[in-house]
J.: 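Before I ask anything, here is the structure I am working with.
Chain letters run A, B, ... following the sequence lines, proteins first, then strands; residues in each count from 1.
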There are 2 protein chains.
Amino acid sequence: MVTIQTPTEAEDRLAREVLERVTAKWPLSVMRVLAEANAPLRFSRVLERVQGISQKVLTQTLRTLERDGLITRTLYPQVPPRVEYELTTLGGELLVQVLSLWRWIVGRLPDFAAPGGIEHGVVA
Amino acid sequence: MVTIQTPTEAEDRLAREVLERVTAKWPLSVMRVLAEANAPLRFSRVLERVQGISQKVLTQTLRTLERDGLITRTLYPQVPPRVEYELTTLGGELLVQVLSLWRWIVGRLPDFAAPGGIEHGVVA
DNA sequence: CAGAATCCTACCCGATACTG
DNA sequence: CAGTATCGGGTAGGATTCTG
């Protein structure tokens, strides 16, 4: 026996929080960029490649991802400083899982009623 | 050939939005309750069973889930009114997918650094 | 270059009435 | 019973400015 099959309340809650954080507005885009780069990326490179994110929010997102163990942050103490970000193994694996779900949703998109949001049938 | 393997930008965005909405604070709990009931549930029953949700937010959540095609809302025009909610097939399938991801995260929880959030090593 | 600090806005959510 | 309406606090996120 390796793991317990019934999650405890606490495990459930923690996993829930991870899921909510990672599916928030920006983290997946950041992780995707890092995955596609397939190499460490500097802060400014990430900022360029994640369409529409602001510097502040990127910083926050990177910090959260680092805290969760999904990316690494490496500081090279030079002037000017160089900082590189890279997906961890866990981060890469999680991304694969989420992308799989993502693709499943894409495949069923026609079945979703109003993924973009709908106005109800009020004319005027 | 049944589906296109490369999602368009638009599909990607829509699926992203679905994923973000469904993993938001309450929808999964609501869907879980409906799934476990395995039968139509009245509004007040759902309100009772979803721990901690307010009536206003439950209404909003149900509306969003309905718009997305994940649940059905059936109104019986009586006095007092009776309204029943039930998972759609799509909703049930999506829930299965997400629960699977959820369980995967639970299994890897030890690898996550600080799922609950961490204070950095500042003593005072 | 890689951020920290600040200001500001928009939403989200919770609590509390009120109604068909 | 199943909502709607309203108010208020907290927070995520954007734009801008400053700094080691």
J.: May I ask you to evaluate whether A:R73 reaches the phosphate of C:dG3, defined as a side-chain N or O under 4.0 Å from OP1 or OP2?
T.: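 Yes, such a contact exists.
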
J.: Hey, which of these two, A:S54 or B:Y85, hits DNA chain D nearer its 5' end, going by closest nucleotide?
T.: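 Its nearest nucleotide lies further toward 5', so the answer is B:Y85.
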
J.: Whole angstrom is fine here: how far is it from CG in B:L41 over to C1' in D:dC1?
T.: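 Going from CG in B:L41 over to C1' in D:dC1 covers 15 Å.
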
J.: Roughly how many Å is it from CD in A:Q60 to C1' in C:dA5, rounded to a whole number?
T.: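 Nearest whole value for this atom pair: 12 Å.
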
J.: Measuring from the side chain of A:S44 (C-beta onward, heavy atoms only), which nucleotide among D:dC1, C:dA4, C:dA2 has the closest atom?
T.: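 From the listed options, C:dA2 comes nearest.
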
J.: Between A:I53 (CD1) and C:dA2 (P), how many Å, whole number?
T.: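 To the nearest whole Å, that distance equals 15 Å.
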
J.: Tell me whether the side-chain N/O atoms of B:R82 come closer than 4.0 Å to OP1 or OP2 in D:dG3.
T.: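 Negative; the distance criterion is not met.
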
J.: Could you tell me how far apart A:K56 (NZ) and C:dC8 (P) are, to the nearest whole angstrom?
T.: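 Checked: the NZ to P distance equals 13 Å.
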
J.: Can you tell me if the side-chain N/O atoms of B:R63 get under 4.0 Å from OP1 or OP2 in D:dA2?
T.: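 No, because none of the side-chain N or O atoms of B:R63 sits under 4.0 Å from OP1 or OP2 of D:dA2.
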
J.: Where the side chain of A:W26 is concerned, which of D:dG14, D:dA2, C:dG14 is the nearest nucleotide?
T.: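 Nearest nucleotide to the side chain: D:dG14.
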
J.: Validate the cation-pi geometry between B:R32 and B:W102: distance from NZ or CZ to the six-membered ring centre under 6.0 Å, angle to the ring axis within 45°.
T.: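 Yes.
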
J.: Would you find more than 12 non-hydrogen atoms of other residues, nucleotides or ligands less than 6.0 Å from A:Q78 atom CD?
T.: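 Enclosed: over 12 neighbouring heavy atoms sit under 6.0 Å from CD of A:Q78.
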
J.: I need the CG-P distance between A:L47 and D:dA15, as an integer number of Å.
T.: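 Atom-to-atom, A:L47 to D:dA15, this comes out as 12 Å.
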
J.: Mind calculating the distance between CD (B:E20) and P (C:dC12) to the nearest angstrom?
T.: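 Answer to the nearest Å: 10 Å.
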
J.: Rounded to whole Å, how long is the line connecting atom CG of B:L75 with atom P of D:dC1?
T.: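 B:L75 atom CG is separated from D:dC1 atom P by 16 Å.
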
J.: What is the distance from CG of A:L62 to C1' of C:dA4, rounded to the nearest Å?
T.: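 Computing the A:L62:CG to C:dA4:C1' distance gives 15 Å.
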
J.: With a 4.0 Å cut-off on N to O distance, would you call A:R13 and A:E17 a salt bridge?
T.: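 Yes, A:R13 and A:E17 are salt-bridged.
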
J.: Examine distances only and state if a side-chain atom of A:S100 and a backbone atom of A:V96 form a donor-acceptor pair shorter than 3.5 Å.
T.: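 Answer holds: no.
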
J.: Are any of the side-chain nitrogens in A:E86 or A:R73 under 4.0 Å away from the carboxylate oxygens of its partner?
T.: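 Result for this pair is no, no salt bridge flagged.
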
J.: Counting the atoms with a prime plus P, OP1 and OP2 as sugar-phosphate, which does B:Q55 contact under 4.0 Å by heavy atoms, base, sugar-phosphate, or nothing?
T.: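 Here B:Q55 touches the bases of the nucleic acid.
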
J.: What is the nucleic acid contact for A:K25, judged by heavy atoms within less than 4.0 Å: base, sugar-phosphate only, or nothing?
T.: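 Sugar-phosphate contact only.
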
